[in-house]
Amino acid sequence: MSLAFTKMQGLGNDFVVLDGITCALDMTPERVRRMADRRYGIGCDQVLLAEPAHAPEADFRYRIWNADGAEVEHCGNGVRCMARFLRDQGLSASDRMTLETMNGLTHVELMTDDRVRVDMGPPVLTPSDIPFLATTQRPLYSLSVGHQQLEVAAVSMGNPHLVLRVDDADTAPVARLGPRLEGHPDFPNRVNAGFLQVLGRDHARLRVYERGVGETLACGTGACAAVVAGVLNDWFDARVTVDLPGGRLVIHWAGTGEPVWMTGPAVPVFEGIMAAGAE
Ligand SMILES: N[C@@H](CCC[C@H](N)C(=O)O)C(=O)O
């Protein structure tokens with residue numbers, strides 16, 4: 001059976017977006033890997049699927065798979081693209097939606113340009129809930145990686161992140177350390193690893209080695225986690241412009257108990273049909 005899809009991107013973090021509302025779709029890890037493959041498939045960092053909501057407060061359910069085929073909890077750039085997809089496809093007539101992810105509700109507002117503003121909810125900092133193997137919660141933890149001791153922050157935005165402050169994002173050892181951090185045994189569910197350069201109290205640069213993908217051009221939950229880490233460590237004020245290789249996000253976090261706000265673009269690229277047999 002052939003399969004209609006929309007290719008979208010948020011700051012170059014790219015997605016195959018599927019409508020599982022008008023037609024139920026059965027996703028398997030193998031199917032996701034085929035779609036995500038940049039030579040044999042469509043190519044993307046994540047596959048996103050819209051489904052009918054389970055929770056009465058939600059308008060839609062939104063599911064996410066990394067390119068390696070694993071289903072994950074959240075995707076910041078993806079949630080903006082999903083909201084735009086739902087409106088562009090006529091599945092929602094509203095500029096405001098509540099989307100249900102694997103472990104919570106996300107409130108989204110489509111703005112008058114390509115941008116989308118998202119209430120990402122409060123960050124999770126309790127180590128066991130990230131999950132991260134530390135006994136007490138701290139703004140920075142010492143992590144052994146080979147012969148190195150790294151000072152990292154650990155934050156969940158629904159999905160697990162660590163944040164390592166670096167002097168220069170351009171020369172940060174993302175390719176060398178990224179895979180070792182992603183699979184670090186102190187993060188039992190693996191982790192997304194952010195390399196954060198602080199430019200000032202309201203400005204940062206960030207590169208992210210994403211769990212299940214590798215380095216991407218941008219990571220929305222990674223930018224939220226980096227700003228949370230920076231506020232907790234008094235590197236940042238509440239509102240921070242985060243420059244990622246693929247472009248800019250504005251993140252706002254007023255502190256403990258408050259939600260993290262993320263504003264950035266969501267852009268459709270093309271629509272297509274995956275041929276029968278290929279999907
Ligand atoms: N690109 C995303 C994050 C996608 C999921 C992540 N790789 C994970 O495994 O948690 C974003 O924009 O947040």
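All ligand and atom numbering here is 1-based and tracks the order in the structure. FYI, side chains are in, hydrogens and waters are out, and symmetry mates aren't considered; it's all heavy atoms of this structure. For this chain, numbers begin at 1 and follow the sequence in order.
- For the salt bridge (charged side-chain N to carboxylate O under 4.0 Å, His left out) test with Asp95, the passing option among Arg84, Arg87, Arg115 is Arg87; the others fail.
- For Val124, the side chain to side chain contact (heavy atoms under 4.5 Å, CB included) partners two or more places apart in sequence, or in a different chain, are Asp129, Ser156.
- Within the 6.0 Å centre-distance limit, the rings of Tyr141 and Phe132 are counted as a close aromatic pair.
- In this structure, ligand 1 sits under 4.0 Å from heavy atoms belonging to Asn13, Gln46, Asn66, Val72, His74, Cys75, Gly76, Asn77, Asn159, Asn192, Glu210, Arg211, Cys219, Gly220, Thr221.
- The number of heavy atoms from other shown groups lying within 6.0 Å of CZ (Arg38) is above 12.
- The residues Asp168 and Arg207 are annotated as not salt-bridged, no charged nitrogen and carboxylate oxygen being separated by less than 4.0 angstrom.
- Between Asn159 and Thr221, the shortest heavy-atom contact is ND2-OG1, 3.2 Å.
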